[in-house]
Amino acid sequence: MDIPKAYEAKNYENEIYARWEKSGYFNPDVLIENGLIKSTAPVFTIVLPPPNVTGQLHLGHAAMLAYEDLMIRYHRLQGYQALWLPGTDHAAIATQTKVEKIIASEGKKKEDLGREKFLEIVRDYVDKSKATIRNQIRKMGSSLDWSREKYTLDKDVSQTVYQVFKKMYDDGLIYRGNRIVNWCPRCQSTLADDEVEYEQQQANLYYIKYGPVVIATTRPETKLGDTGLAFNPNDKRYLHLLGKELKINFGVANIKVKVFADNEVDPEFGTGAIGVTPAHSQIDFAWAEKYKLPIIKVIDEKGKMTEAAGKYAGQDVLVCRENFVADLKQAGLLEKIEPINNNISICYRCHTAIEPLTSRQWFIDVNKKISRLDKSLKELAIEAVQTGLGGKSDKKIEIIPERFNKVYFHWLENLRDWCISRQIWWGHRIPVWYKNKKQKDEEAEIYVGITPPQEAGWVQDEDTLDTWFSSALWTFSTLGWPEGLDFKRFHPTQVLETGYDILFFWVARMIIMTTYVTGQIPFEKVYLHGLVRDRQGQKMSKSLGNGIDPLDMIEKFGADALRLSMIIGVTPGNDLILYEEKIAGYRNFVNKLWNISRYILMNLSELKLTNQYPQAKTLADEWILSEFNNLIFQVTEDLNQYKFSQAIEALYEFVWSKLADWYLEITKIEGNKSEILNYILQKLLILIHPFIPFVSEEIWTQSYNRNKQDKLMLMIQRWPQVIEKKSNPKIKDFLVLQKLIINLRSVKNESGIATKQSLPVDIYSKEFLSLFQQQQKIIENLARVKINWLDKDSMTANNKVITSEYSFVFKVDIKVKDKSKEIDTLNKYINGLEKKLKNKQFLSKAPSEVVTKEKEKLNEAKKKLAQIKKHP
RNA sequence: GGGUUUGUAGCUCAGUUGGUUAGAGCGCCUCGUUUACACCGAGGAGGUCAGAGGUUCGACUCCUCUCAAACCCACCA
């Protein structure tokens, strides 16, 4: 048989994926059509978190694909209708920015091209990018149903987007308002609150004479737009001013401010008095609503001062700041400047400083009660996780790990209205038309619809929707909501698996929108994975240059090894540290499995698919079958509880430490194991397939599917059943046997005796003599010794004797290392146990089984000690 | 300011509801090519479980505090 010694993943993986894909079996409908599962089989659905169309596959994606494919393949093997639905996201700002950069390198600007021409270029770019990412996803072995692939800008998906917009508008949940928003002057667009990041910065705190008081501010130029003066109600310094309207003279400009007191003012900061600028600060805007202050916008969308800023109109914000401060100084109004550590808000995409300003935008009202439900969006989303919605999807959403519940609730409770309009071109254009007027006109007559109004002359809103608006609909917009058969079959989905970093951006918003639109939860479980970090624990990123390219790793070690490196030792919600040696280590495991099957194939004339439980003929057989049975139980249990790491660790341990290191070695001694090896290999490949699909399928092909028939492929086999629940009492005998062999090897090794030299030993055991005699061949072969059985009388103190915890004794005519250290630790152990057993509290309060156990331990230890002392 | 997580062998991590002399992989040391595998085998060294208290008959495990690291939310006008 010409099976290579080493498994070279890259020689097999592409061909295997092609076979899987060609079979059509990623699509549950095809399995039904072929009679491989019943149409009544339970459903298990995951929608793939759609990667951005801009991107290359990175390790975050790779991890996501590994976990999701694992779940899908497990359920497919369990006989479910397993649907994993692929798709991509148009990623509005990210994509537009990327293409802008590309055309900029050719010296072009999007404004010169015009909207339509620019969008054409973006579409071309997206087409290419999509093809790349699709193939990269395939490289990981992802068993996605490509026939159902979706894209956020697909016609039907877009249709759903517009439909939902209209529904929300009709329900009064979407409104247009002139409110404060986060404005990115570079992107020239609004951002949602959670798209804003913060960065610490050294800034100046300017103390400015402000009529009768002094205020402190880091942004003097905004003071031109002040309409209020605030202090804390307990601050007696300013109480006399409460309710007054003050004229403030800045020398170069005059403003009018209303004085009010609010608990949110910190009297300790600065002078305790604040100039309030409703148009350019989130909290000031809220105060303006509360205390009915006028709103004066002094900074525009380009980051320049407006007409309202008087002589500074048209200046850049920073230029104005400089000029204004100079003017204040001149007028003797600048008291002092203090350095201060300040958090400034920046755009999460381009890190430009955010300019909060008022603007006429579209918002989703998260607090308004939906009349037919008498609940707000916020309440609905909380309910979905807290108690469940009742009705068809009465399950409540379970977040794994659970601790993220708290984070989720906290976020929702503090959620403000969500600004959904973006001033960029790439995305879903807002389905709103204005009659003969420009959208800036507040009084414009509005038409909201899925299609444009019939009459001529209506002008569509220039803006597009926040990319997360369409992503929020993803579980049902991809399944043909509301009438599609797939929607009825596969929604709610079972699991959403994604990174915890988009819990708010995406997961929470899906819950908000889906519960509102469909009355169902979008998914039953949320499995959150962590971030992939480098060896130093740093986040992998392009700018740091510490990123590992998953495609390189696949090329070098194979997709299976990469998958293992991201599953083993990883728990949900926790970050994972990845580096090349780790992946190489798991490549070795894959190779080990390969060689195990190689050995089996070389020794077995024939491999047969069978469900016949094999007959155990020897102690070793009993042991391995019992261990394997436990393994089936363990892996199934762990996977049902989403403990992926524990499941594969159990498999790893079985394959390497039990099957390869012991049982296969014993087959070389006992021979004639085809029935058992056939059984174990067959079922083991099924158990391990969700973790390492490629190598398992390849071994399967060589063992059970040499003609490469679709219907015989591993990916559609049935998950093995646990045969017997009780553990076999004979197993303990095998453990004793192992112990003896390990002890013998240890003696040989430490005495410097060559492994291959067959060492003569005398063995005596009171308890296990017959066991050892029965297993003599195994002992002699595995430990490389020649046994002479002793009876008790022939024991003498003259020979060096080794004891084991199972109270057997063997003596050999060689030097054995000093035992004093072992005696020390044993003595300590015994003392501890004796103390414990003399303790009346322990005897009375501890459960009797524990006490018995401790007594047994003490006896064992004493016996052992006695034997060591007798034969030092 | 509020919150979360983490701290166990040189490194990466397990350790189920408190009941072993605390485990694994990698790395390290010694030996080794025996009918699959050197991407291997055998043996071995290595830990006062961050620290201090407390609860308990008993704590790596539960509670409190301290120290250290990472992250999230709010935000300083």
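Chain letters run A, B, ... following the sequence lines, proteins first, then strands; residues in each count from 1. Not measured: the values here are computed from a predicted model.
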Query raised in the report: Taking the same atom, C1', in A24(B) and in U4(B), what whole-Å distance lies between them?
Result: 28 Å

Query raised in the report: How about F557(A) and Y586(A): are their ring centroids closer than 6.0 Å?
Result: no

Query raised in the report: Using atom C1' of each nucleotide, how far apart are A68(B) and C40(B) to the nearest Å?
Result: 41 Å

Query raised in the report: With respect to the side chain of K592(A), which nucleotide from C40(B), A77(B), U20(B) is positioned closest?
Result: C40(B)

Report task. Please evaluate the base of C39(B) for a donor-acceptor partner in the side chain of R587(A) within a cut-off of under 3.5 Å? Result -> yes

**Report entry** Nearest-Å distance for atom pair CG/P, residues N591(A) and G41(B)
**Finding:** 10 Å

Query raised in the report: Which part of the nucleic acid, if any, lies within contact of L843(A), taking any heavy atom under 4.0 Å across all strands shown: a base, the sugar-phosphate backbone alone, or nothing?
Result: nothing

Requested in this report: Return the set of residues passing ring-ring contact (aromatic ring centres under 6.0 Å, His included) with F260(A) (not counting sequence neighbours), or none when no residue passes.
Outcome: W287(A), Y291(A)

Requested in this report: Applying salt bridge (charged side-chain N to carboxylate O under 4.0 Å, His left out), name anything that partners E581(A), two or more places apart in sequence or on another chain.
Outcome: R535(A)

Report summary line: In whole angstroms, the gap separating P of C31(B) from CD of Q757(A) amounts to 16 Å

Query raised in the report: Taking the side chain as C-beta and beyond, is there a heavy-atom pair between F269(A) and I340(A) under 4.5 Å?
Result: yes

Query raised in the report: Is a donor on one side and an acceptor on the other found under 3.5 Å between the side chain of D560(A) and the backbone of F694(A)?
Result: yes

Output a table of donor-acceptor pairs, distance under 3.5 Å, between side-chain atoms of residues 658-665 of chain A and any protein atom two or more places apart or on a different chain; print 'none' if there are none.
residue: K658(A); atom: NZ; partner: E627(A); partner atom: OE1; Å: 3.1
residue: Y663(A); atom: OH; partner: D621(A); partner atom: OD1; Å: 2.6
residue: E665(A); atom: OE1; partner: K668(A); partner atom: NZ; Å: 3.4
residue: E665(A); atom: OE2; partner: K668(A); partner atom: NZ; Å: 3.1

Query raised in the report: How would you label the contact of A230(A) with the nucleic acid (heavy atoms, under 4.0 Å): base, sugar-phosphate, or nothing?
Result: nothing

Report task. Check for a donor-acceptor pair, side chain of D534(A) on one end and backbone N or O of L578(A) on the other, with a separation under 3.5 Å. Result -> no

Query raised in the report: Between I274(A) (CD1) and A77(B) (C1'), how many Å, whole number?
Result: 5 Å

**Report entry** Integer angstrom distance from the P of C29(B) to that of G15(B)
**Finding:** 30 Å

Query raised in the report: If the P atom of U17(B) is compared with that of C63(B), how far apart are they to the nearest Å?
Result: 12 Å

Query raised in the report: What's the CG-P distance between N414(A) and C75(B), to the nearest Å?
Result: 9 Å

Query raised in the report: Would one find a side-chain N or O of T571(A) under 4.0 angstrom from OP1 or OP2 of A14(B)?
Result: yes

**Report entry** Plane angle bin for Y7(A) and Y12(A) - parallel if under 30°, tilted between 30 and 60°, otherwise perpendicular
**Finding:** parallel

Query raised in the report: What residues, two or more places apart in sequence or in another chain, satisfy salt bridge (charged side-chain N to carboxylate O under 4.0 Å, His left out) together with E649(A)?
Result: none

**Report entry** Distance-only donor-acceptor test, E413(A) side-chain atoms vs C73(B) base atoms, 3.5 Å
**Finding:** no

Kindly list each side-chain donor-acceptor pair under 3.5 angstrom involving residues 402-413 of chain A, sequence neighbours excluded, with atom names and distances?
residue: R403(A); atom: NH2; partner: N574(A); partner atom: OD1; Å: 3.1
residue: Y408(A); atom: OH; partner: A381(A); partner atom: O; Å: 2.8
residue: H410(A); atom: NE2; partner: N414(A); partner atom: ND2; Å: 3.4

Report task. Looking at every strand, decide which applies to E8(A) at a 4.0 Å heavy-atom threshold: base, sugar-phosphate, or nothing. Result -> base

Query raised in the report: How would you list, by chain and number, every residue that makes a ring-ring contact (aromatic ring centres under 6.0 Å, His included) with F691(A), sequence neighbours excluded?
Result: none

Requested in this report: Classify the nucleic acid contact of S844(A) as base, sugar-phosphate or nothing, counting any heavy atom under 4.0 Å across all strands shown.
Outcome: nothing

Report task. For nucleotides U66(B) and G7(B), find the distance between their C1' atoms and express it as a whole number of Å. Result -> 14 Å

**Report entry** Donor-acceptor contact below 3.5 Å, side chain S746(A) vs main chain I742(A)
**Finding:** no

Query raised in the report: Which listed nucleotide (A77(B), G19(B), C76(B)) is nearest to the side chain of N343(A)?
Result: C76(B)

Query raised in the report: Across the strands shown, which category fits S281(A) at heavy-atom distances under 4.0 angstrom: base, sugar-phosphate, nothing?
Result: nothing

Query raised in the report: Does the side chain of K786(A) reach to within under 4.5 Å of the side chain of E780(A), using non-hydrogen atoms?
Result: yes

Report task. Go through the structure and list residues passing ring-ring contact (aromatic ring centres under 6.0 Å, His included) with Y829(A), not counting sequence neighbours. Result -> none

Query raised in the report: Among the nucleotides C75(B), C11(B), C71(B), which one has an atom lying closest to any side-chain atom of Y579(A)?
Result: C11(B)

Query raised in the report: Touch check for Y198(A), heavy atoms < 4.0 angstrom, all strands: base, sugar-phosphate only, or nothing?
Result: base

Requested in this report: Answer with base, sugar-phosphate or nothing: what part of the nucleic acid does V276(A) contact at a heavy-atom distance below 4.0 Å?
Outcome: nothing

**Report entry** Rounded interatomic separation in angstrom, taking CD from E860(A) and P from U21(B)
**Finding:** 14 Å

Query raised in the report: Within this structure, what is the CD1-to-C1' distance between I568(A) and A14(B), rounded to whole angstrom?
Result: 12 Å

Query raised in the report: R784(A) side chain: which of C73(B), U34(B), G43(B) is closest?
Result: U34(B)

**Report entry** Residues within residues 266-273 of chain A bordering RNA chain B, heavy-atom distance below 4.0 Å
**Finding:** D266(A), F269(A)

Report summary line: Closest to the 5' end of RNA chain B, once Y7(A) and D194(A) are matched to their nearest nucleotides, is Y7(A)

Query - Length of the line joining I669(A):CD1 and A36(B):P, which is rounded to integer Å - result: 14 Å

Report summary line: Of K857(A) and Q282(A), the one whose nearest nucleotide on RNA chain B sits closer to the 5' end is K857(A)

Query raised in the report: Is a side-chain N or O of S645(A) found less than 3.5 angstrom from the main chain of G569(A), in a donor-acceptor match?
Result: yes

Under-3.5 Å N/O pairs linking protein and nucleotides 2-7 of chain B:
residue: U4(B); atom: OP1; partner: K406(A); partner atom: NZ; Å: 3.0

Query raised in the report: Can you check whether S746(A) has a side-chain N or O nearer than 4.0 Å to OP1 or OP2 of G43(B)?
Result: no

Report task. Give the nucleotide from the list C76(B), G19(B), A36(B) with an atom nearest to the side chain of I283(A). Result -> C76(B)

Report task. Please check if atom CD in Q202(A) has more than 12 non-hydrogen atoms from other residues, nucleotides or ligands closer than 6.0 Å. Result -> yes

Report task. Establish whether the base of C37(B) is bridged to the side chain of K5(A) by a donor-acceptor pair shorter than 3.5 Å. Result -> no

**Report entry** Gap between atoms CG and P, on L664(A) and A36(B) respectively (whole Å)
**Finding:** 11 Å

Query raised in the report: Dot-bracket for RNA chain B: what is it, with Watson-Crick or G-U pairs under 3.5 Å, [ ] where a pair crosses earlier ones, and | for a pair to another strand?
Result: (((((((..((((.....[...)))).(((((.......))))).....(((((..]....))))))))))))....

Anything under 3.5 Å between a protein N or O and an N or O of nucleotides 26-30 of chain B, put it in a table, one pair a line.
none

Query raised in the report: If you measure from the C1' atom in U35(B) to the same atom in C28(B), how many Å do you get, rounded?
Result: 32 Å

**Report entry** N/O (side chain, K668(A)) to phosphate O (OP1/OP2, U35(B)) under 4.0 Å
**Finding:** no

Report summary line: Residues at least two apart in sequence or cross-chain that pass salt bridge (charged side-chain N to carboxylate O under 4.0 Å, His left out) with K258(A), listed by chain then number, are none

